Amino acid sequence: MSTSPQAPAAHPAHEPRTLLVKVFGKDRPGITTGLFTTLAEYGVDVVDFEQVVTRGRIVLCALVTAPREEGGLRAQVHQWADGQRLQAEVISGTGDNRPRGEGRSHVTVLGHPLKASAVAALSSRITDCGGNIDRVFRLAKYPVTAVELAVSGVPSELLRSELAAEAAAQRVDVAVVRSGLQRRAKRLIVMDVDSTLIQDEVIELFAAHAGCEAEVAEVTAQAMRGELDFAESLRARVALLAGLDADVVAKVRAEVRLTPGARTLIRTLKRLGYQVGIVSGGFTQVTDDLAEQLGLDFAAANTLEVVDGKFTGRVVGEIVDRAGKARMLERFAAEAGVPLEQTVAIGDGANDLDMLNVAGLGVAFNAKPLVREAADATVNVPFLDTVLYLLGISREEVEDADGGLLLAD
């Protein structure tokens, strides 16, 4: 698929003559076999071929070397196609496809729904910055529509910048990842916990039991917007829990709600050989339990101090703040033996920014505006497993791995 007209490329005189054979119509078993059996009678070599089936309609294109009896091949292809109630077209030319331009990227588009107006606007942006759409592939049809575009001719950084603004205007999510082996090589994913892996803010769950939920929620919101130093805000919020019975931990653990798609994301990544970790400005009293439940490889968080069975209103040990999250990502990567460029970080708040910047791919998940602007990719739908599409993993592949039946999330 092309986003803009292209002038025919000049072919060296020594390039062989080729024929592009196109067949389209109602799909049925045996069409591919029938076409190539027909072509085989003329001893042609296959240079390239592609096939797409959409809602029962097939488009099959074969690029083959031109035989001496070109007229006979053309007549035979049309005769075969007529017998199959298909339409056929044979186009003469020379040589292979023109090589893809430099500056190759994978562009993933997520829509809920994905409107034609959004596709038009994004493809126009690609054209305007000198890019070309070479291929399109659907990754998922639910819970969101996800498509992947192979784009060439424009640097990934410029393309990301151009499409980010348009995606926001069209209310779709777009991720731009440079093509190459490194895309398939990301082998460590580290997630924030509150409002990312889970739907809750754990400090607020504790605060509800202490009767200070409103005060804590306001300080949390200011910290996530980057208006307050995280370490200072953490100490202020934890101080409000002083005297709370530590037995409340069991109740809070029971109240935690995983984000839809969290189990599917982690289960799929583990099957693919990824290592998965969490790093949180929350508390080990909850994150350790999550790590055990989900079979995570790494976990780091703050720890609430407990004396005589009650919270003291203090944390013990090193505070996991914005800079601390980035350090933990680096530590996890070193322990896993994974280069930083092969890591993915997912978060939503200002205290995730350093971690997102350090990772090879930083994903803003239902994030604050400041974080969306800084991240490599954004996801604004409430399904955590959509991150798989950014890695080129399709919904069909996920379901096949689960035996056709996804476990309840």
Side-chain angles (χ1 to χ4, degrees), residues 190-259 277-294 296 298-332 345-355 366-368 370-371:
V190 177
M191 289 175 276
D192 174 43
V193 176
D194 293 8
S195 299
T196 302
L197 178 65
I198 66 174
Q199 301 177 59
D200 313 282
E201 292 288 333
V202 168
I203 184 71
E204 294 178 11
L205 296 179
F206 279 112
H209 290 281
C212 57
E213 187 176 13
E215 296 95 317
V216 166
E218 175 55 30
V219 179
T220 298
Q222 290 177 303
M224 290 298 100
R225 291 194 298 265
E227 297 170 5
L228 288 178
D229 171 76
F230 180 82
E232 181 182 356
S233 70
L234 177 68
R235 293 189 182 96
R237 289 175 289 171
V238 169
L240 296 169
L241 304 181
L244 181 63
D245 195 318
D247 287 346
V248 77
V249 167
K251 297 179 182 178
V252 169
R253 287 177 174 177
E255 292 167 353
V256 166
R257 302 165 298 162
L258 288 173
T259 297
I278 53 175
V279 59
S280 175
F283 310 108
T284 58
Q285 280 86 352
V286 171
T287 58
D288 286 352
D289 182 61
L290 287 170
E292 184 177 355
Q293 280 187 48
L294 299 170
L296 303 180
F298 305 100
N302 300 300
T303 300
L304 294 167
E305 184 181 57
V306 178
V307 175
D308 296 330
K310 295 185 181 297
F311 294 131
T312 65
R314 297 186 294 271
V315 293
V316 295
E318 177 185 359
I319 289 181
V320 179
D321 57 6
R322 174 170 167 169
K325 286 190 171 187
R327 287 196 301 272
M328 290 301 171
L329 172 64
E330 292 172 337
R331 182 182 303 174
F332 295 166
I346 310 170
D348 74 299
N351 64 326
D352 297 314
L353 282 171
D354 289 3
M355 176 176 72
N366 292 306
K368 310 300 184 291
L370 178 69
V371 183

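Since we're looking at a predicted model, the values are computed, not measured.
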Peer 1: Classify the angle between the aromatic ring planes of Phe283 and Phe206 as parallel (below 30°), tilted (30 to 60°) or perpendicular (above 60°).
Peer 2: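 Taking Phe206 first and then Phe283, their aromatic rings stand perpendicular (interplane angle over 60°).
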Peer 1: Using the side chain to side chain contact (heavy atoms under 4.5 Å, CB included) rule, pick out the option among Asp200, Thr259, Val202, Asp348 that qualifies with Ser195.
Peer 2: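 Single pass found, and it is Asp348.
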Peer 1: For Val371 versus Ala350, what's the shortest heavy-atom pair and its separation?
Peer 2: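 Distance-wise, the nearest heavy atoms are CG2-N, 3.7 Å.
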Peer 1: Between Gly281 and Leu234, which heavy-atom pair has the shortest distance, and what is it?
Peer 2: O-CD1, 3.8 Å
Peer 1: How long is the gap from CG on Leu240 to CZ on Arg235, to the nearest 0.5 Å?
Peer 2: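 If we round to the nearest 0.5 Å, Leu240:CG and Arg235:CZ are 14.5 Å apart.
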Peer 1: So which heavy atom on Ser233 is nearest to which on Val219, and how close?
Peer 2: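 In this case the closest contact between Ser233 and Val219 is CB-CG1, 3.7 Å.
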Peer 1: Please name the pair of heavy atoms, one in Glu204 and one in Ala217, separated by the smallest distance, quoted to 0.1 Å.
Peer 2: OE2-CA, 3.5 Å
Peer 1: Looking at CD of Glu232 and CZ of Arg237, how far apart are the two atoms once the value is rounded to the nearest 0.5 Å?
Peer 2: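 Answer rounded to 0.5 Å: 11.0 Å.
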Peer 1: Where do Leu258 and Leu294 land on the side chain to side chain contact (heavy atoms under 4.5 Å, CB included) test, with the steps shown first?
Peer 2: CA-CA 11 Å; Leu258 288 173; Leu294 299 170; 4.2 Å; yes
Peer 1: Quick check against the 3.5 Å criterion: does Asp321 have a side-chain atom that pairs as donor or acceptor with the backbone of Gly324?
Peer 2: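 Yes; judged by distance alone, with no hydrogens or angles, the pair exists.
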Peer 1: To the nearest 0.5 Å, what is the distance between CG on Leu296 and OG1 on Thr287?
Peer 2: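 With rounding to 0.5 Å, CG (Leu296) is 9.5 Å from OG1 (Thr287).
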Peer 1: Below 4.5 Å, heavy atoms only, C-beta onward: do Leu244 and Lys310 meet side chain to side chain?
Peer 2: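 No, too far: nothing below the 4.5 Å cut-off.
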Peer 1: Check step by step if side chain to side chain contact (heavy atoms under 4.5 Å, CB included) holds for Leu241 and Ile203.
Peer 2: CA-CA 9 Å; Leu241 304 181; Ile203 184 71; 3.8 Å; yes
Peer 1: Got a donor-acceptor contact below 3.5 angstrom from the Asp289 side chain to the Val286 backbone?
Peer 2: no
Peer 1: Heavy atoms only: give me the nearest Val190-Met355 pair and the separation to one decimal.
Peer 2: CG1-SD, 4.0 Å
Peer 1: Rounded to the nearest 0.5 Å, how far does CG of Leu304 lie from OG1 of Thr312?
Peer 2: 8.0 Å
Peer 1: What is the minimum heavy-atom distance between Ala301 and Thr284, and which atoms define it?
Peer 2: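 Shortest heavy-atom contact: O-CG2, 3.5 Å.
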Peer 1: Salt bridge or not for Lys325 and Asp354, using N-O below 4.0 Å?
Peer 2: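 No.
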Peer 1: Roughly how far, to the nearest 0.5 Å, is OG1 of Thr196 from CE of Met191?
Peer 2: 9.0 Å
Peer 1: In Å, rounded to the nearest 0.5 Å, how long is the span from CG of Asp229 to CZ of Arg322?
Peer 2: 10.5 Å
Peer 1: Report yes or no: does Arg327 contribute a side-chain atom to a donor-acceptor pair with the main-chain N or O of Val320 at less than 3.5 Å?
Peer 2: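 Absent.
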Peer 1: May I ask you to test the Leu370-Leu353 pair for a side-chain heavy-atom distance under 4.5 Å?
Peer 2: yes
Peer 1: Where do Glu255 and His209 land on the side chain to side chain contact (heavy atoms under 4.5 Å, CB included) test, with the steps shown first?
Peer 2: CA-CA 11 Å; Glu255 292 167 353; His209 290 281; 3.0 Å; yes
